[in-house]
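One structure is given here, and the rest of the page talks about it.
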Amino acid sequence: MGTVPPSIEDLRALAKRYNFTLDDADLESFRGLMAPTLASYDAVEKLYAELAPPMPSRSYAVPSPAENPLNAWQLYTELSTREDGPLAGRRVVIKDNIAVAGVPMGNGSRSLQGFVPREDATAVRRLLDAGATIVGKGTCEDLCYSAGSHTAHSGPVRNPWDPERTSGGSSSGPAVLVATGEADLALGGDQGGSIRIPAAFCGVVGHKPTYGLVPCTGAFSMDNTLDHLGPITRTVRDAALMLTALAGHDPEDPRQDSALKPRDYLKRLDEGVKGLRIGLLTEGFDIPGLSEPGVDDAVRNAAHALEQAGARVTPISVPWHRTGMAVWTVIATDGIAWQMIEGNGIGRNWAGRYDPELIAHFGRGRAEHADAFSETVKLVTLNGGYTIDKYHGAHYGMAQNLVPHLIKGYDQALAEVDVLVLPTAPHVPKPLPGPGASREEYVVAALGLVPNVAPFDASGHPAIAVPAGRVDGLPVSMMIVGPHHRDDLCLRVARAVETALGGFPPAPAHAFAATREQP
């Protein structure tokens with residue numbers, strides 16, 4: 001393709017942007033001086049083209065509306081690389097912000113339509129290596145910036161318990177497909193609750209691992225410091241099985257500590273909670289204007305069931321939990337505007353695996369289809385663009401410097417108890433915004449769900465959502481949070497909840513599960 005030298009008009013606009021005082025003679029001089037540097041860009045482009053892997057040939061199919069009544073599927077596949085392994089015979093759906101080579105990846109957005117990655121995400125490759133069969137891509141919200149399920153370019157994803165209600169986001173489709181039995185397992189992403197909220201609203205299990213435990217290479221990023229990938233499953237045992245396959249160091253992902261040592265997450269899963277100290281996180285309950293008493297009561301009742309199983313349950317306060325929402329908000333707002341929007345989904349200045357084709361495709365797409373962005377993406381772009389321009393990213397630096405204090409607040413509590421428990425979402429799933437909803441209603445329905453989940457994306461603690469009962473026939477979820485790298489403990493307590501409550505019934509919308517021909 002080759003680089004195109006700048007025109008004088010291009011340089012004049014750049015000079016104005018950077019407050020340089022340059023006349024046309026100056027600009028012409030700089031234009032000439034740029035030529036050797038641009039030649040290096042051409043050389044890099046040529047070298048990359050020679051070394052880039054070929055595009056694999058993989059078949060896929062787009063479901064018809066009749067096959068996809070809840071709008072949870074983006075496409076069908078049938079991909080496997082081995083017949084044995086711990087996940088042999090298990091059908092896995094992949095959130096559509098995660099690369100599956102040779103298969104379109106839309107990230108819920110008009111801006112990325114038509115993009116096909118050349119390489120599997122590391123997590124996808126590990127699932128295939130474990131014997132899983134990838135059966136398709138699940139719908140996600142527009143650029144994943146919504147905890148509701150009404151922002152995807154392809155339309156709202158409907159809750160299998162009540163199709164008029166939200167399924168939660170942004171891993172909306174994957175959670176629905178697991179709940180309806182159309183997939184056994186799902187790979188989701190969580191930067192502000194996007195695994196745990198849809199798991200909560202669909203009545204399934206969703207685990208956000210310790211930050212850096214599962215590599216995010218090949219997933220569309222929001223902000224490197226918030227990115228997590230993890231399992232969405234029907235049972236805690238399946239979450240532990242899947243996490244065992246996913247966890248481990250990837251040298252191409254700088255989010256990870258090279259010294260991390262994954263565990264066999266099934267090994268102590270059924271040891272129960274006798275003698276464990278369970279802390280009811282005070283600030284996670286009775287959130288003004290959000291919490292529903294029935295939801296809080298259901299989670300407390302589930303904690304009482306743990307007490308009957310031998311745990312010691314006590315309330316514990318972490319004032320930083322509510323302060324943490326402001327910390328996460330600043331990191332997410334400035335981080336998304338800088339890395340996801342200005343950085344075209346990848347950003348810069350980190351050592352690891354980049355996807356130049358994605359950068360170029362999304363860069364063109366967001367310019368050509370900016371008006372098609374969801375109201376939430378427009379909001380975070382305007383808000384982050386303003387604060388970065390006005391305050392030069394200083395607040396992002398402040399927020400990142402507060403993260404150790406947030407971590408310390410949780411860690412001090414986790415020195416007194418073994419895990420923290422609280423409601424995953426403060427209320428049951430709400431009705432989807434109608435076509436006449438105001439922008440304000442649309443945004444609140446997308447972003448008003450995360451005060452309990454988002455702070456743990458900033459702090460990096462492992463957190464699992466597990467069904468804890470029903471209110472008015474709709475799922476309620478308990479979140480269990482443990483110390484860093486004690487994902488095994490979170491899973492063990494979640495398994496005890498599952499056992500004490502006798503499991504959780506499948507979604508009544510099983511009739512929505514489509515039968516289809518394989519591609």
Side-chain angles (χ1 to χ4, degrees), residues 84-94 123 126-127 129-135 171 174-188 190 195-196 198-200 202-210 213-214 228-248 262-274 276 278 302 305-306 309-311 418-419 421 424 462-469 475-482 485-507 510:
D84 60 348
L87 297 179
R90 309 307 295 275
R91 302 165 300 151
V92 183
V93 65
I94 306 297
R126 289 182 178 177
L127 293 172
D129 288 345
T133 299
I134 306 298
V135 294
S171 304
V176 169
L177 295 169
V178 170
T180 59
E182 294 179 75
D184 301 317
L185 314 168
L187 179 63
D190 195 313
I195 286 173
R196 291 161 289 158
C202 292
V204 294
V205 175
H207 182 62
K208 181 199 78 67
T210 298
L213 180 62
V214 175
H228 301 74
L229 298 182
I232 299 173
T233 61
R234 283 280 304 137
T235 68
V236 176
R237 183 171 299 280
D238 277 349
L241 178 68
M242 195 171 171
L243 185 62
T244 300
L246 291 168
R263 303 166 184 251
D264 177 353
Y265 297 100
L266 288 165
K267 188 173 182 180
R268 302 183 64 185
L269 189 65
D270 292 307
E271 287 191 2
V273 293
K274 186 175 182 179
L276 290 183
I278 310 293
L306 293 176
D418 295 296
V419 296
V421 301
T424 307
I464 186 169
V466 63
V476 172
S477 176
M478 170 189 276
M479 185 165 58
I480 301 156
V481 181
H485 300 291
R486 290 307 311 273
D487 298 70
D488 61 320
L489 185 58
C490 294
L491 288 157
R492 176 181 158 193
V493 175
R495 173 64 180 145
V497 172
E498 194 176 57
T499 301
L501 298 182
F504 197 71
H510 59 275

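Excluded from the calculations below are hydrogen atoms, water molecules and symmetry mates; all remaining heavy atoms, backbone and side chain alike, are included.
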Worksheet item: In terms of side-chain geometry, is the basic nitrogen of Arg268 or Asp488 positioned less than 4.0 Å from the acidic oxygen of its partner?
Response: no
Fill in: For Asp270, side-chain hydrogen bond (donor to acceptor under 3.5 Å, both in side chains) partners two or more places apart
Arg237, Arg495
Discussion item. Nearest 0.5 Å, please: how far is CZ in Arg196 from CG in Asp190?
Written reply: 4.0 Å
Worksheet item: What closest approach, in Å, do Ile232 and Gly188 show between heavy atoms, and which atom pair accounts for it?
Response: CD1-CA, 4.3 Å
Worksheet item: Is any side-chain heavy atom of Arg234 less than 4.5 Å from a side-chain heavy atom of Pro506?
Response: yes
Item to complete: For the pair Val419 and Ile278, evaluate side chain to side chain contact (heavy atoms under 4.5 Å, CB included) and give the outcome as yes or no after the intermediate values.
Response: CA-CA 5 Å; Val419 296; Ile278 310 293; 3.5 Å; yes
Worksheet item: Does any non-hydrogen side-chain atom of Pro86 lie less than 4.5 Å from one of Thr244?
Response: no
Discussion item. Return the CZ to OG1 distance between Arg90 and Thr133, rounded to the nearest 0.5 Å.
Written reply: 11.0 Å
Worksheet item: Can you name the closest pair of heavy atoms from Gly203 and Phe504 and give their distance?
Response: O-CD2, 3.3 Å
Worksheet item: How long is the gap from OG on Ser171 to CG on Leu229, to the nearest 0.5 Å?
Response: 9.0 Å
Worksheet item: Just wondering, do Cys202 and Val178 contact through their side chains at under 4.5 Å, heavy atoms?
Response: no
Fill in: Val497 side chain reached by Ile480 side chain, heavy atoms, under 4.5 Å
yes
Fill in: Close side-chain approach of Leu489 and Asp418, heavy atoms under 4.5 Å
yes
Fill in: Under the side-chain hydrogen bond (donor to acceptor under 3.5 Å, both in side chains) test, residues paired with Thr233 that sit two or more places apart
none
Worksheet item: Which distance, rounded to the nearest 0.5 Å, do you find between the CG of Leu246 and the NE2 of His207?
Response: 10.0 Å
Worksheet item: Asp238 versus Asp184: any side-chain heavy-atom pair under 4.5 Å?
Response: no
Item to complete: Report yes if the side chains of Glu182 and Val176 come closer than 4.5 Å at any heavy-atom pair, otherwise no.
Response: no
Practice prompt. Output the distance between atom CG (Leu243) and atom CZ (Arg263), rounded to the nearest 0.5 Å.
Written response: 11.0 Å
Worksheet entry | Straight-line distance of Leu306 CG to Leu276 CG, nearest 0.5 Å | 9.0 Å
Item to complete: Test Leu127 against Leu185 for side chain to side chain contact (heavy atoms under 4.5 Å, CB included), laying out the working first.
Response: CA-CA 10 Å; Leu127 293 172; Leu185 314 168; over 6 Å; no
Practice prompt. Report yes if some heavy atom in the side chain of Leu213 is under 4.5 Å from a heavy atom in the side chain of His228; otherwise report no.
Written response: no
